[in-house]
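Here is the structure we will look at.
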Amino acid sequence: MAQRENHIAGVSTTAAHRDRGTVVVSGLASDAHTWNLVYLQLVIEELGYRVINLGPCVPDDVLVAECRRIDPALVVIGSVNGHGCTDGLRAVTRLRACPELAATPMVIGGKLTVSDEDAGRHARALMAAGFDAVFPDQASDAADFTAFVASLPPAARPALTAGRSR
């Protein structure tokens with residue numbers, strides 16, 4: 001049977017590259033939006049990852065606990081309400097404080113502030129706090145995000161997901 005090939009935002013994936021690990025997708029504590037998280041989940045799944053979507057309004061302690069339990073290959077945080085910088089700084093600081101998550105790739109994107117001014121300064125602050133990449137809606141697009149995710153190596157170790165090993 002021929003391998004199925006997909007093209008997403010300029011990135012080609014094949015069925016042979018499936019099962020790259022588990023990605024946690026999450027909203028932030030103050031953000032009730034869901035469509036962005038569903039879109040991210042679909043894109044990431046097409047790139048060969050399993051996705052656990054924690055949904056909107058995720059308190060920091062729940063995000064940290066779930067990431068510690070799952071041991072994801074990547075953490076993706078989406079923001080629509082414009083408080084991504086404030087909430088993201090707090091969340092990534094808590095995530096990076098966990099030794100078992102210290103090396104886990106983490107990204108944030110979307111509307112990070114209520115003003116579109118100085119996106120570069122906010123992105124630099126988020127990177128300095130511990131994010132590996134920042135995708136502000138006014139300065140990046142889906143191709144930038146998919147290229148980053150596609151460039152990650154497959155997960156090196158199995159992780160527990162809802163009581164089952166990957």
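We're numbering straight along the sequence, starting at 1.
- By the 4.0 Å N-to-carboxylate-O rule, D61 lies too far from R68 to be salt-bridged with it.
- Side-chain contact between I44 and V76 is present, with heavy atoms from C-beta onward closer than 4.5 Å.
- Taken to the nearest 0.5 Å, the CG atom of L63 stands 6.5 Å off from the CG atom of L54.
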Chi angles and distances behind the side-chain hydrogen bond (donor to acceptor under 3.5 Å, both in side chains) call for H83, N81 | CA-CA 6 Å; H83 298 286; N81 71 351; 4.6 Å; no
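- Between S79 and D87, the closest side-chain pair of non-hydrogen atoms is not below 4.5 Å.
- Scanning all heavy atoms of the two residues, the minimum distance from L89 to A129 falls at CD2-CB, 3.5 Å.
- No path of Ile, Leu, Val, Met, Phe, Trp and Tyr side chains, each step under 4.5 Å between heavy atoms, connects V80 with V134, placing them in separate hydrophobic clusters.
- In this structure, P136 and A123 approach most closely via the heavy-atom pair CG-CB, 4.5 Å.
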Go through R96 and D132 one step at a time and tell me if the salt bridge (Lys or Arg N to Asp or Glu O under 4.0 Å) criterion holds.
-> CA-CA 11 Å; R96 291 292 184 211; D132 296 285; 2.8 Å; yes
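- Nearest heavy atoms, P56 versus D31: CB-O, 3.4 Å.
- Heavy-atom minimum distance, P72 versus L101: CD-CD2, 4.3 Å.
- Tested against E45 for a side-chain contact (heavy atoms from CB on, under 4.5 Å), the candidates L40, V23, V51 yield a single pass: V51.
- No chain of hydrophobic side-chain contacts below 4.5 Å, direct or via other Ile, Leu, Val, Met, Phe, Trp or Tyr residues, connects L126 to V114.
- Nearest heavy atom pair, residue C85 against residue H122, reads SG-ND1, 3.7 Å.
- Counting only heavy atoms from C-beta outward, the side chains of E66 and V24 never approach each other to under 4.5 Å.
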